[in-house]
Visitor: 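Before anything else, here's the structure in question.
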Amino acid sequence: MLLRIDPTSSQPLYDQIAGAVRGQAAAGTLRDGDRLPAAREVADALDVNLHTVLKAYQLLRDEGLVEMRRGRGAVVSAHAAALAALRDDALALAARARALGVGADAVAALVRAAAEE
Amino acid sequence: MAAVGKAFSRALGAGVVTPVVASLTAIAVELVAMGDLPDPVATHWGPQGPNGFAPAWTVPLMTALVAGVLPLVLGVSALRAVARGERGFTLRLLPAVAAGLSVFLGTLLAGMLVLQRGLESADHAGGVGPVMLVALPAGAVVGIVAWLAQSREIGVAAPAAAVEPLTLQPGERAVWLGRSEMSPWAFAFIVAATLAAWAGAVLMWVGGDAAAAGIVTAVAVLLTVLSFTFTVFRVRVDAAGLTVTSGAGLVRMRVPAADIASVTVIEVHGLAQFGGYGIRQIPGATAIVTRAGRAVEVTRRSGRRFVVTVDDAPTAAAVLAAAGEAAHAAQD
């Protein structure tokens, strides 16, 4: 599992970690049943606080993308397939927004508004 | 292509045809001798003559297993790699061992029965010395001929795929966390073997003698420890370099980022390149091979190579190459 974070970014670190996991689920590299590495291992490797990673995993669990299983840690749920199914639509929307000169934040806000309607 | 065909047919002859012919011939001889044998027959000899006995029908069964199936497993395991175009010492050795072993054991078991033809009781069976005198040289000669007949080519390593380091923004951190795991079938086989050893140990303690029970228990413990240690490895690539930790954490290997000279992705077939699976040490390289397939290969500044099979090797290699570059940049 590839994780990229930028500590100088304004986006919180836990959000970046969760985003990386989400992105790989959407891309199909993380699938239903795949085990996420232990939070401590991620924290050590990225040189961030353990609670930052736990918060990211918590966020993913609340979204339903990850299930916490006793003895197996954090496991990717069947929800990953749903994210992967939306990926092509997201790419198409992003391409159209770029062509129209609409920024990523504006698109995200549009999608959020549409989802909450 | 002609060379592949020749190497394959030689390996097929030594590793498959020879064991099939040798074991079937031995079984045929045993079946012919069957009508004329004491019951039970002697199957084991000590210094004072026969000391182990079994019904005669167990001998052809034993022959099929140890002179047929066992050598065939050895031969076929090499044959698949030879068919893929691989060559190497182990791939030359395995079919030769299969051929020699099947001839030796087939001759020994069949000769053992032939010696007992016409006896009233197996207690009167003479020594197996004469059979050994035939079986051992026969097996050795067939094994050596099979070795000499095998292709002498040296393995041609598949060209390593160059790796483009992951491009990172200033301040950005990238890590790759993954596992090096056996295929589910290989893992299931090891779990089954371990459970069987434990079942055997329990049976031995209940019904057998204490010495045998102790040995079987030790084997079961060893298998359990080995399967926990060597079937799964956690692989971590971060700014510090590459870290590989065995399942139970007993073994940990590192390649520091500053020690990385180059990173590539290679195709690994354990048998041809590293002589097997697990943690392999060969001259100039250390390899963690849990399955055949793609692996990350790191060359250290000393020239030593470190290889680990992982899923998504290209991504792991790209992150590792970037970590190496960053470490070198920091040193300059």
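Convention: sequence-line order gives letters A, B, ...; per-chain numbering from 1. These numbers were taken from a predicted model, which means no experiment stands behind them.
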Visitor: Need one label for Asp44(A): side chain, backbone, both or neither, based on atoms under 4.5 Å from any heavy atom in chain B.
Guide: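 Both parts, backbone and side chain.
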Visitor: If I measure from the heavy atoms of chain B, does Glu41(A) come under 4.5 Å with its side chain, its backbone, both, or neither?
Guide: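 Backbone plus side chain of Glu41(A), per the 4.5 Å heavy-atom cut-off to chain B.
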Visitor: Between Arg173(B) and Val48(A), which heavy-atom pair has the shortest distance, and what is it?
Guide: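 Taking every non-hydrogen atom into account, NH1-CG1, 3.8 Å.
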Visitor: Under 6.0 Å from the CD atom of Gln11(A), do we count more than 12 heavy atoms belonging to anything else shown?
Guide: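 Enclosed: over 12 neighbouring heavy atoms sit under 6.0 Å from CD of Gln11(A).
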Visitor: If you draw a 6.0 Å radius around CZ in Arg301(B), do more than 12 non-hydrogen atoms from other residues or ligands fall strictly inside?
Guide: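 Yes, enclosed.
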Visitor: Heavy atoms only: give me the nearest Thr167(B)-Arg4(A) pair and the separation to one decimal.
Guide: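 Looking at all heavy atoms of both residues, the closest pair is O-NH2, 2.6 Å.
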Visitor: Out of Val319(B), Asp238(B), Val175(B), which one pairs with Leu3(A) under the side chain to side chain contact (heavy atoms under 4.5 Å, CB included) rule?
Guide: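 Option passing the side chain to side chain contact (heavy atoms under 4.5 Å, CB included) with Leu3(A): Val175(B).
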Visitor: So what's closer than 4.5 Å to chain A heavy atoms on Leu168(B): side chain, backbone, both or neither?
Guide: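 Both backbone and side chain.
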Visitor: Hey, is CD on Glu63(A) packed in by over 12 heavy atoms from elsewhere, all under 6.0 Å?
Guide: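 Yes - once you tally the heavy atoms of other residues, nucleotides and ligands closer than 6.0 Å, there are more than 12.
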Visitor: Within the structure provided, determine whether Leu2(A) and Leu166(B) are in side-chain contact (heavy-atom separation under 4.5 Å).
Guide: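 They are in contact (side-chain heavy atoms under 4.5 Å apart), so the answer is yes.
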Visitor: State, to 0.1 Å, how close Ala45(A) and Leu177(B) come at their nearest heavy-atom pair, and which atoms those are.
Guide: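 Closest pair (atom of Ala45(A), atom of Leu177(B), distance): CB-CD2, 4.2 Å.
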Visitor: More than 12 heavy atoms of other residues, nucleotides or ligands under 6.0 Å from CG of Asp62(A): yes or no?
Guide: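 Yes, enclosed.
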Visitor: Tell me, yes or no, whether the heavy-atom count around Arg112(A) atom CZ, taken from other residues, nucleotides or ligands under 6.0 Å, exceeds 12.
Guide: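 No, CZ of Arg112(A) has 12 or fewer neighbouring heavy atoms, counting only those of other groups under 6.0 Å.
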Visitor: Heavy-atom distances under 4.5 Å only: say whether Pro7(A) touches chain B with side chain, backbone, both or neither.
Guide: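 Contact with chain B involves both backbone and side-chain atoms of Pro7(A).
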